[in-house]
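Structure, as structure tokens:
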Amino acid sequence: MEFTELNQARHSVRDFADRPVDPQLLRQIVIEAQQAPSWVNSQPWKVYIATGKHLEEIKQVFVEKDAVKEKSSSELATMPRSDWGGDAPAHMKEWGHDIVNHFDNYDQAHQTMTGLMEHLNHTPAIAYVTIPTSSPEWAIFDAGSFAQTLMLAAKDKGVDSIPTYNSVRFPRPIKRILGIPSSEKLVIGIELGYASDAKVNSFRAPRIAVDEMLTILD
Ligand SMILES: Cc1cc2nc3c(=O)[nH]c(=O)nc-3n(C[C@H](O)[C@H](O)[C@H](O)COP(=O)(O)O)c2cc1C
């Protein structure tokens with residue numbers, strides 16, 4: 001796919017069809033993601049792709065923990081949306097309204113999103129990206145660039161994706177199930193698969209006008 005078309009085609013998919021992704025294809029996607037730039041070519045990332053029974057075990061943990069409303073938290077610190085600086089809180093608020101409005105009513109939106117969260121969007125594969133626990137903030141930048149390259153490489157091969165906080169919000173059982181050592185920190189889970197025809201997948205997150213965020217100085 002030509003780049004502009006590929007870049008437009010990638011969007012977050014929140015419900016996946018019941019169809020596995022070929023492990024060889026997953027491997028090829030990761031090889032392409034390795035072209036991402038990193039600080040002094042440090043390549044701080046590692047990737048653990050959960051499929052099959054390992055992913056089923058993770059999904060089961062999510063269902064059980066959500067059933068008892070267990071408090072969750074990722075290994076990267078979060079911040080209340082209202083404390084973020086700049087225009088980010090307003091953009092997040094707008095996104096919330098937009099996605100609810102995409103459905104017929106609030107209850108339908110709420111039920112869909114909650115159900116998908118618990119079941120990890122029915123994804124057949126999650127690529128968990130880690131960096132060493134002992135890392136500068138720059139390694140998170142590197143992991144982000146790796147993740148975006150991975151998602152574009154996936155889309156180029158017809159594989160849809162979504163990066164999610166949701167998939168890393170119970171780090172301890174995830175790391176136990178996947179054998180991730182404590183010397184590594186879970187950054188993000190990238191859910192991979194093929195989009196179902198669920199309504200949620202026709203949602204597109206709008207972008208702000210470029211002049212609201214761009215300054216070119218000569
Ligand atoms: C770090 C990160 C975490 C995210 N976590 C979630 C999540 O937990 N649940 C979700 O539905 N979307 C999640 N998203 C997807 C964003 O909502 C999405 O990227 C954004 O709305 C822009 O839409 P697009 O990816 O379709 O272009 C996350 C995205 C990023 C970059």
Side-chain angles (χ1 to χ4, degrees), residues 1 3-16 33 36 45 47 50 58-59 61-63 65-66 71-81 84 86-103 108-123 125-131 137 139-156 159-171 174 185-196 198-210 212-213:
M1 234 188 267
F3 179 74
T4 304
E5 192 191 340
L6 174 66
N7 194 36
Q8 291 290 336
R10 185 222 56 86
H11 68 93
S12 290
V13 160
R14 294 185 172 82
D15 188 53
F16 292 92
W45 46 69
V47 185
I58 292 172
K59 288 181 181 175
V61 166
F62 273 62
V63 170
K65 290 189 180 297
D66 284 339
K71 195 171 154 25
S72 60
S73 72
S74 57
E75 293 195 314
L76 294 192
T78 55
M79 184 186 264
R81 291 182 188 188
W84 287 46
D87 298 329
H91 299 157
M92 290 190 263
K93 199 170 169 190
E94 207 173 318
W95 179 88
H97 288 148
D98 288 347
I99 199 156
V100 165
N101 287 335
H102 183 68
F103 290 90
Q108 197 189 66
H110 182 71
Q111 256 177 24
T112 305
M113 298 302 278
T114 309
L116 290 173
M117 259 175 78
E118 265 188 23
H119 295 95
L120 290 167
N121 300 319
H122 310 123
T123 180
I126 304 183
Y128 283 102
V129 179
T130 72
I131 56 171
E137 285 179 343
I140 299 173
F141 179 95
D142 296 341
S145 123
F146 178 84
Q148 173 69 347
T149 310
L150 190 151
M151 290 185 282
L152 290 175
K155 188 65 197 175
D156 192 47
V159 176
D160 294 300
S161 65
I162 180 170
T164 55
Y165 161 79
N166 185 35
S167 62
V168 291
R169 68 193 162 95
F170 294 117
I174 293 168
K185 183 156 64 177
L186 261 187
V187 176
I188 196 74
I190 303 169
E191 303 177 33
L192 294 160
Y194 299 95
S196 75
K199 188 173 173 67
V200 70
N201 288 338
S202 56
F203 175 72
R204 294 291 180 278
R207 299 305 196 259
I208 59 167
V210 71
E212 287 182 39
M213 47 70 74

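Indexing begins at 1, ligand by ligand and atom by atom, following the structure's order. Keep in mind it's a predicted model, so treat the numbers as computed, not measured.
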### Residue pairs passing the salt bridge (Lys or Arg N to Asp or Glu O under 4.0 Å) test where at least one lies in residues 145-156, sequence neighbours excluded
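For residues 145-156: K155-D160.
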message = Restricting to side-chain hydrogen bond (donor to acceptor under 3.5 Å, both in side chains), what partner residues turn up for R10, sequence neighbours left out?
response =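 Here no residue qualifies.
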**Prompt:** Which residues pass the side-chain hydrogen bond (donor to acceptor under 3.5 Å, both in side chains) test with S202, sequence neighbours left out?
**Reply:**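 With sequence neighbours excluded, S202 shows a side-chain hydrogen bond (donor to acceptor under 3.5 Å, both in side chains) to H102, given in chain and number order.
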query = Under 6.0 Å between ring centres, would you say that holds for F62 and F170?
reply =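 That pair passes the under 6.0 Å test.
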Check your understanding: Just one of V63, I126, I162 clears the side chain to side chain contact (heavy atoms under 4.5 Å, CB included) bar with L120, so which one?
Key ->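 Of the listed residues V63, I126, I162, the side chain to side chain contact (heavy atoms under 4.5 Å, CB included) partner of L120 is I126.
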- Task: Pick out which of V200, V100, N166 makes a side chain to side chain contact (heavy atoms under 4.5 Å, CB included) with M113.
- Result: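 With M113 as partner, side chain to side chain contact (heavy atoms under 4.5 Å, CB included) holds for just one option, V200.
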Using a threshold of 4.0 angstrom between heavy atoms of the protein and any atom of ligand 1, which residues qualify?
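Within 4.0 Å of ligand 1, protein side: R10, H11, S12, R14, W95, I162, P163, T164, Y165, N166, I188, A205, R207.
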